[in-house]
Amino acid sequence: MPTYRAPRGTRDLLPDDRAVFDRLMRLGADLTRRYGYRPIETPLFEQTAVFERGIGEVTDVVEKELFRLAPRTDESEAWALRPEPTAGIVRAYVQHGMQTWPQPVKLTTTGPMFRYDRPQAGRYRQFWQFDVEAIGDPGPAIDAEIVELGHRFYTEAGVQGVEVLVNSIGDPACRPAYIATLTDYYRGHLAKLPPTERDRLERNVLRLLDSKDPDMAGLNAAAPRITDHLCEACSAHFESVKAHLAALGVPFRVEPGLVRGLDYYTRTAFEFYVAGREGQQQALGGGGRYDGLVALLGGRPTPGIGFGLGLDRVALVLAEQGGADGAAAGAEGPLAVVVSADPDDTVSRLRIATELRAAGLRVRADLARRKLGRQLESAGKDGAHFAVIVGEELVDGQVQVRDLQAGTQRTVAPGDLARELARAEATHHHG
RNA sequence: GUGGCCUUAGCUCAAUUGGCAGAGCAUCGGAUUGUGGCUCCGAAGGUCGCGGGUUCGAGCCCCGCAGGCCACCCCA
């Protein structure tokens, strides 16, 4: 009922929400630093062609979910908000000649992505992704390393029950023949295909494989598997990826129906799922190898692999699984609140708080003109450890320091305040 | 883009067959004038999502729209 509200499919991350995101972003930053990735920022929007050519014109993401920006001039430029980070990062790789850097170039970014589709819980028009890309290494060892990194993110974030699904979707040498085989197969059973599936047959056969239509289950189970139709190189690559994953102890499952929605993927494709939760937003992240993308965007043929993890969904699942965890992260109160016996004396409160802040302490000054009792009550609700009480003793150069948890109180000279509070925090509360 | 369900205070929810919009929590204030957490008292807070229609009268019935949710589509 407010006159203005956040646009459809977007939401405000209130401090408690933001605290969870902060934690996840710090984890991502720490993990990628350990693995040797460097942070990069690319624009939130690109020329539409970057996405159309990179992701593929006939993908859902480009066809119906691209968040296009209306041009303001006749510059003949068409822009769109990024629906995923990889295309922009690869564009930057080409633009800045990163092929002259030591390969592979290992990059990471975290930020909002935009897709114009119909919102649902865990599905937004603006959502956040933690993204990792390694460009310039043909694998297969790095494929396993990157899957392990993604898996570790969930583990260290505390998400329970994450499943790693992997598959190989071949490359230009073997995929076309497989697609032809698969198309023939479904054409042979055309009568059994639901209308919507029939429509997709000519446009993107691979999508039929992961259809959730119950009528498709039997048909799909018997469908030719791409892993049986890989060329020798792709097959060897896939076997090696699996061997590396096993060696690293990453639990994974080969999922023959796993095909990713973006055209640029080759060979290794993987997704992270969380099982056993309500709703359909079970995909927490995914990625794959994109050996053709750099060339597609104008660079020299260069292999690459990466993944994106949906932070909104991780936070959602974390809240479902853990509960109080998120709230606790956001509830850091000040070390002390400066209150005054004289409701009108905001000067003393502010001056003392300023001195303590200059000394590096977290201090709130209660600037409301209300009686002392209310100020102390407010300090308690804030979760403050101490209240610094300014009263008539100030003329004798003294203030009261009250330990709000213990209920004890003693007299301190303002000059000693910062040292006393810092020491008390260190001893009482480990910091 | 398709279909279904839902929308009352900041939050969680009440409101009889259509008959004067309420509670709890949260917020703010008070309980003889310098000491919080408990308790008591009080205040503020609502175009009942928005717009039409039916009716003497609509939070309640009908239509449209918006938003949320669910299932598709698809993904994060």
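First the proteins, then the strands, lettered A, B, ... as listed; each starts at 1. Every value quoted in this text rests on a predicted model; they were computed, and no experiment measured them.
Tested against A/Phe130, the residues A/Phe153, A/Phe272, A/Phe21 include a single ring-ring contact (aromatic ring centres under 6.0 Å, His included) partner, A/Phe153. Exactly one of A/Val363, A/Leu421, A/Leu417 qualifies for a side chain to side chain contact (heavy atoms under 4.5 Å, CB included) with A/Phe386. That residue is A/Leu421. For the salt bridge (charged side-chain N to carboxylate O under 4.0 Å, His left out) with A/Glu156, the qualifying choice from A/Arg23, A/Arg34, A/Arg26 is A/Arg34, the only one to do so.
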Considering only nitrogen or oxygen atoms on both sides, find all protein atoms under 3.5 Å from nucleotides 4-7 of chain B and state each distance.
none

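Between A/Asp117 atom CG and B/G1 atom C1' the separation is 10 Å, expressed in whole Å. Atom CG in A/Leu66 sits about 15 Å away from atom P in B/G1, given to the nearest Å. Across the protein-nucleic acid pair, A/Gln126 atom CD and B/C75 atom C1' stand 17 Å apart, rounded to whole Å. Residue A/Leu206 contributes atom CG, which lies 11 Å from atom P of B/C75 at whole-angstrom precision. If you take CZ of A/Arg313 and P of B/C75, they are 11 Å apart, rounded to a whole angstrom. Atom C1' of nucleotide B/C75 and atom CG of A/Leu284 are separated by 12 Å, given to the nearest angstrom. Distance A/Arg369 CZ to B/C28 P: 17 Å, rounded to the nearest Å. In this structure, A/Tyr273 atom OH and B/C75 atom P are separated by 9 Å, rounded to whole Å.
A gap of 11 Å separates the C1' atoms of B/C63 and B/U54, to the nearest Å. Between the P atoms of B/G29 and B/G36, the separation comes to 15 Å (whole Å). B/G67 and B/G45 are spaced 23 Å apart, taking the C1' atom of each and rounding to whole Å. B/U7 and B/A14 are spaced 9 Å apart, taking the P atom of each and rounding to whole Å. The gap from the P atom of B/G37 to that of B/C25 amounts to 16 Å, rounded to the nearest Å. Straight-line distance between the C1' atoms of B/G24 and B/C56: roughly 36 Å, to the nearest whole Å. With C1' as the reference atom, B/G49 and B/C41 are 35 Å apart, rounded to whole Å. Taking the C1' atoms as reference points, B/U16 lies 23 Å from B/U12, given to the whole Å.
In this structure A/Glu84 satisfies the side chain to side chain donor-acceptor pair (under 3.5 Å) test together with A/Thr86, A/Tyr264, sequence neighbours excluded.
Checking B/A66, B/C73, B/A76 against the side-chain heavy atoms of A/Arg5 singles out B/A66 as nearest. Listed candidates were B/C75, B/G68, B/C72. Nearest to the side chain of A/Gln120 is B/C72.
Note on ring orientation: taking the six-membered ring where Trp is involved, the planes of A/Tyr116 and A/Phe67 are perpendicular (angle over 60°, cut-offs 30° and 60°).
Using a 4.5 Å cut-off on side-chain heavy atoms (C-beta onward), A/Leu149 and A/Val132 make contact.
Residue contacts for A/Asp60: at a heavy-atom cut-off of 4.0 Å it reaches the sugar-phosphate backbone alone, with no base atom in range. At a threshold of 4.0 angstrom between heavy atoms, the contacts of A/Gly9 are confined to the sugar-phosphate backbone, with no base atom among them. Using a 4.0 Å heavy-atom distance criterion, A/Phe272 is classed as making no nucleic acid contact.
The local environment of CZ in A/Arg225 is sparse, with at most 12 non-hydrogen atoms from other residues, nucleotides or ligands closer than 6.0 Å. Surrounding CZ of A/Arg53 are at most 12 heavy atoms belonging to other residues, nucleotides or ligands under 6.0 Å away.
Applying the salt bridge (charged side-chain N to carboxylate O under 4.0 Å, His left out) definition to pairs two or more places apart or across chains, those involving residues 337-347 of chain A are A/Asp344-A/Arg369.
Nucleotides of RNA chain B nearest to A/Gly286 and A/Tyr116 differ in position, and the one nearer the 5' end is that of A/Tyr116. Comparing A/Tyr124 and A/Ala368, the nucleotide of RNA chain B nearest to each residue sits closer to the 5' end for A/Ala368.
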Open item on the list: Does the protein touch nucleotides 32-43 of chain B at the base, only the backbone, or not at all? Give it as B, S and - per nucleotide, heavy atoms under 4.0 Å.
Closed with: --BBBB------
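Under a 3.5 Å cut-off, the side chain of A/Arg175 and the backbone N or O of A/Ile169 do form a donor-acceptor pair.
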Which pairs of donor and acceptor atoms, one on a side chain in residues 106-113 of chain A, lie under 3.5 Å apart (sequence neighbours left out)?
unit_1: A/Lys106; atom_1: NZ; unit_2: A/Tyr35; atom_2: O; d: 2.9
unit_1: A/Thr108; atom_1: OG1; unit_2: A/Asp131; atom_2: O; d: 2.7
unit_1: A/Thr109; atom_1: OG1; unit_2: A/Ile40; atom_2: O; d: 2.7

TODO: Any chance you could encode RNA chain B as dot-bracket? Rule is Watson-Crick or G-U wobble with both distances under 3.5 Å; [ ] for pairs crossing earlier ones, | for another strand.
DONE: (((((((..((((.....[..)))).(((((.......))))).....(((((..]....))))))))))))....
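A salt bridge links A/Asp312 with A/Arg11; the closest basic N to acidic carboxylate O contact falls under 4.0 Å.
A donor-acceptor contact under 3.5 angstrom links the side-chain atoms of A/Arg123 to the base of B/C73.
In plain terms, the two heavy atoms of A/Asp12 and A/Ala6 that are nearest each other are OD2-CB, 4.3 Å.
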